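For reference, the structure discussed in these notes is given below.
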Amino acid sequence: MKIALIGYGKMGKAIEEIAVQRGHEIVAKIDATGSLESLADQQVDVAIEFTRPDAAVQNILFCIEKGIPVVVGTTAWNHEFPRVKAAVETKNGAMLYASNFSVGVNIFFEINRRLAQLMNPHTEYTVNIEEIHHLQKLDAPSGTAVSIANDILGNSSSLKQWKLGEESAPEVQSDELAITSFRQPDVPGTHVVSYRSEVDTIEIRHEAHSRKGFALGAVIAAEFLNGKKGIFTMSDVLKITHK
Ligand SMILES: NC(=O)C1=CN([C@@H]2O[C@H](COP(=O)(O)OP(=O)(O)OC[C@H]3O[C@@H](n4cnc5c(N)ncnc54)[C@H](OP(=O)(O)O)[C@@H]3O)[C@@H](O)[C@H]2O)C=CC1
Ligand SMILES: O=C(O)C1=N[C@H](C(=O)O)C[C@H](O)C1
C-alpha cells in the first residue's frame, strides 16, 4: 500500500517503522511546515493523520475532499465530529478514527464497559479514572480517558458528566465522574479505572510500554480501510461487537 503520513512526530515515525516492516511504502511525510497539496499529485492509498488537536480537522477534510481514505489518531477534536461525518457522507469518503489504536486498549474498553454495567447497581462504590502521559502531550484528559469516561457514563444511572483534575483529583458532585490527568517524563500512556468502597477497591489498568502498539494498530487500521467507504473505528477492525 502507498501510505502518506500527515504528522511526522513521535507517532508518525513509529508508524513508518511498522508500515515498512509490513511491506508498505511511505510516499509522503508531512509535518507542520509541509504542504498537503503535494498529496493531490500522487497515488496515495491511505493517509495516516497524527498531528495536533487544532490541525486535525483541516487535514481530515482535505483528505476527504481529495478522495484519500484517512486513518485519524489525533485526539481532542471530537466536538468537530459532526462536520467531518457530514463531509465523509457528502463525498462518499472513508475515515477511521480511534482515540487509541492499541489492541490492548480496545480490549480494555470492552472490560471497562462490562465492569460499568456490573457496578451500576452497587452505589457504595465511587468510580475514578486516572491517566498518565508524557510531558509533551497537548490535551488533557487524553482521548482514551474521554472514551473510557463516556462508556462509564453510558452505563451509569447516576453519573451524567465527567470533570477533569490536573495533577490532583477534582472535587466532584454526585453526578460527576472524576478524571485525573498526570504528566510525567517519558510515559507513553497509562489508564486506570478504579471503583472504591469502604471495604475494597476494584481496579483495571492498561499501561503502554512503548508507542509500538498504537503504531501497529494504526497500520492495521489503514490496511482495513483501503478500498472501503464510510466511517469506521477500531471495533470494526477488531470485529468487536457490543452487547
Ligand atoms: N489514537 C492513538 O492511538 C494515539 C493518538 N495520539 C495522538 O496523536 C497526536 C500526535 O501525537 P505525537 O505523534 O505524539 O505528537 P508529536 O508532537 O510528536 O508529532 C506531531 C506531528 O504533527 C506535525 N504537525 C503539527 N501541525 C501540523 C499540521 N498542521 N499539518 C501537518 N503536520 C502537523 C508536527 O510537526 P512539527 O514537528 O513540524 O511541529 C509533528 O511532526 C496527538 O493528538 C496524540 O494525542 C498519540 C498516540 C496514540
Ligand atoms: O498523546 C499521546 O501520547 C497519546 N494519546 C492518545 C490519547 O490521548 O488517548 C492515546 C495514547 O494514550 C497516547
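Residue numbers count from 1 along this sequence. As the structure is a prediction and not an experimental result, all values here were calculated from the model. One-based numbering, in listed order, for ligands and for the atoms of each.
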Quick check: does [X] get an N/O under 3.5 Å from an N/O on ligand 1?
X      : answer
His134 : no
Gly73  : yes
Ile6   : no
Thr75  : yes
Gly12  : no
Pro53  : no

Tell me the protein heavy atom at minimum distance from [atom], and give that distance in Å.
atom                    : value
atom 1 (O) of ligand 2  : Lys137 NZ, 2.9 Å
atom 9 (O) of ligand 2  : Thr144 OG1, 2.5 Å
atom 7 (C) of ligand 2  : Gly143 N, 3.4 Å
atom 29 (N) of ligand 1 : Ala55 CB, 3.3 Å
atom 46 (C) of ligand 1 : Met11 CG, 3.6 Å
atom 10 (C) of ligand 1 : Thr51 O, 3.1 Å
atom 31 (C) of ligand 1 : Asp31 O, 3.4 Å
atom 34 (C) of ligand 1 : Ala32 N, 4.2 Å
atom 8 (O) of ligand 1  : Phe50 CD2, 3.3 Å
atom 15 (O) of ligand 1 : Lys10 NZ, 4.0 Å
atom 3 (O) of ligand 2  : His134 NE2, 2.7 Å
atom 6 (C) of ligand 2  : Ser99 O, 3.7 Å
atom 12 (O) of ligand 2 : His133 NE2, 2.6 Å
atom 19 (O) of ligand 1 : Gly9 CA, 3.3 Å

Without hydrogens or angle criteria, can the side chains of [X] and [Y] be said to hold a donor-acceptor pair below 3.5 Å?
X      : Y      : answer
Ser197 : Asp200 : yes
Glu131 : Ser181 : yes
Ser147 : Ser99  : yes
Glu49  : Thr51  : yes
Glu223 : His24  : yes

What closest approach, in Å, do [X] and [Y] show between heavy atoms, and which atom pair accounts for it?
X      : Y      : result
Trp162 : Leu153 : N-CD1, 4.0 Å
Ala149 : Ile179 : CB-CD1, 3.9 Å
Cys63  : Ala47  : SG-CB, 3.9 Å
Tyr195 : Ala116 : OH-CA, 3.5 Å
Ser35  : Ile30  : O-CD1, 3.7 Å

Considering the heavy atoms of [X], write down every atom of ligand 2 situated less than 4.0 Å from one of them.
X      : value
His191 : 12 (O)
Asn100 : 10 (C), 11 (C), 12 (O)
Pro188 : 3 (O), 13 (C)
Ser142 : 7 (C), 8 (O), 9 (O)

Check ligand 1 against Arg52 and write out every atom of the ligand that is under 4.0 Å from a heavy-atom position of the residue.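 Every atom of ligand 1 under 4.0 Å from some heavy atom of Arg52: 25 (C), 26 (N).
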Subject >> Tyr8 neighbourhood, listing ligand 1 atoms whose heavy-atom distance to it stays under 4.0 Å >> reply: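 Listed by number with element: 21 (C), 41 (O).
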Would you sort out whether His206 and Ser102 count as a side-chain contact (heavy atoms from CB on, under 4.5 Å), showing the intermediate values? CA-CA 10 Å; His206 179 275; Ser102 94; 4.0 Å; yes
Open item on the list: Check for me whether Phe214 has a heavy atom closer than 4.0 Å to any atom of ligand 2.
Closed with: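 Within the 4.0 Å threshold, so yes.
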Subject >> Carboxylate-amine/guanidinium contact Lys13 Glu16, below 4.0 Å >> reply: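 Salt bridge absent between Lys13 and Glu16.
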Is [X] touching ligand 1 with its side chain, its backbone, both, or neither, if touching means heavy atoms under 4.0 Å apart?
X      : result
Asn59  : side chain
Lys137 : side chain
Ala98  : backbone

Original post:
Purely on distance, is any nitrogen or oxygen of Arg211 under 3.5 Å from one on ligand 2?
Top reply: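 No; every N/O pair is 3.5 Å or more apart.
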*Say whether, by atom type as modelled, one donor and one acceptor occur between the side chain of Asp45 and the main chain of Lys2 under 3.5 angstrom.*
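Indeed, once roles are kept as given, a pair shorter than 3.5 Å links the two residues.
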(Q) Is the positively charged end of Lys228 above the ring of Phe224, judged by distance under 6.0 angstrom from the centroid and angle within 45° of the axis? (A)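 Because its charged atom sits under 6.0 Å from the ring centre and within 45° of the axis, Lys228 does stack over Phe224.
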Please confirm whether Ser99 approaches ligand 1 to less than 4.0 Å, judged on its heavy atoms.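 Contact present.
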Parallel under 30°, tilted from 30 to 60°, perpendicular over 60°: which one fits the rings of His122 and Tyr125?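 Rings of His122 and Tyr125: perpendicular, over 60°.
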Is_contact(atom 37 (O) of ligand 1), protein non-hydrogen, under 4.0 Å: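 Given the 4.0 Å cut-off, atom 37 (O) of ligand 1 does not count as touching protein heavy atoms.
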| query | What's the spacing between Asn150 CG and Leu177 CG if we round to 0.5 Å? | reply |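 Atom-to-atom, Asn150:CG and Leu177:CG are 9.5 Å apart.
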Name of the residue among Val105, Thr75, Thr190 meeting side chain to side chain contact (heavy atoms under 4.5 Å, CB included) with Thr144:
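Checked Val105, Thr75, Thr190 against Thr144; only one passes side chain to side chain contact (heavy atoms under 4.5 Å, CB included): Val105.
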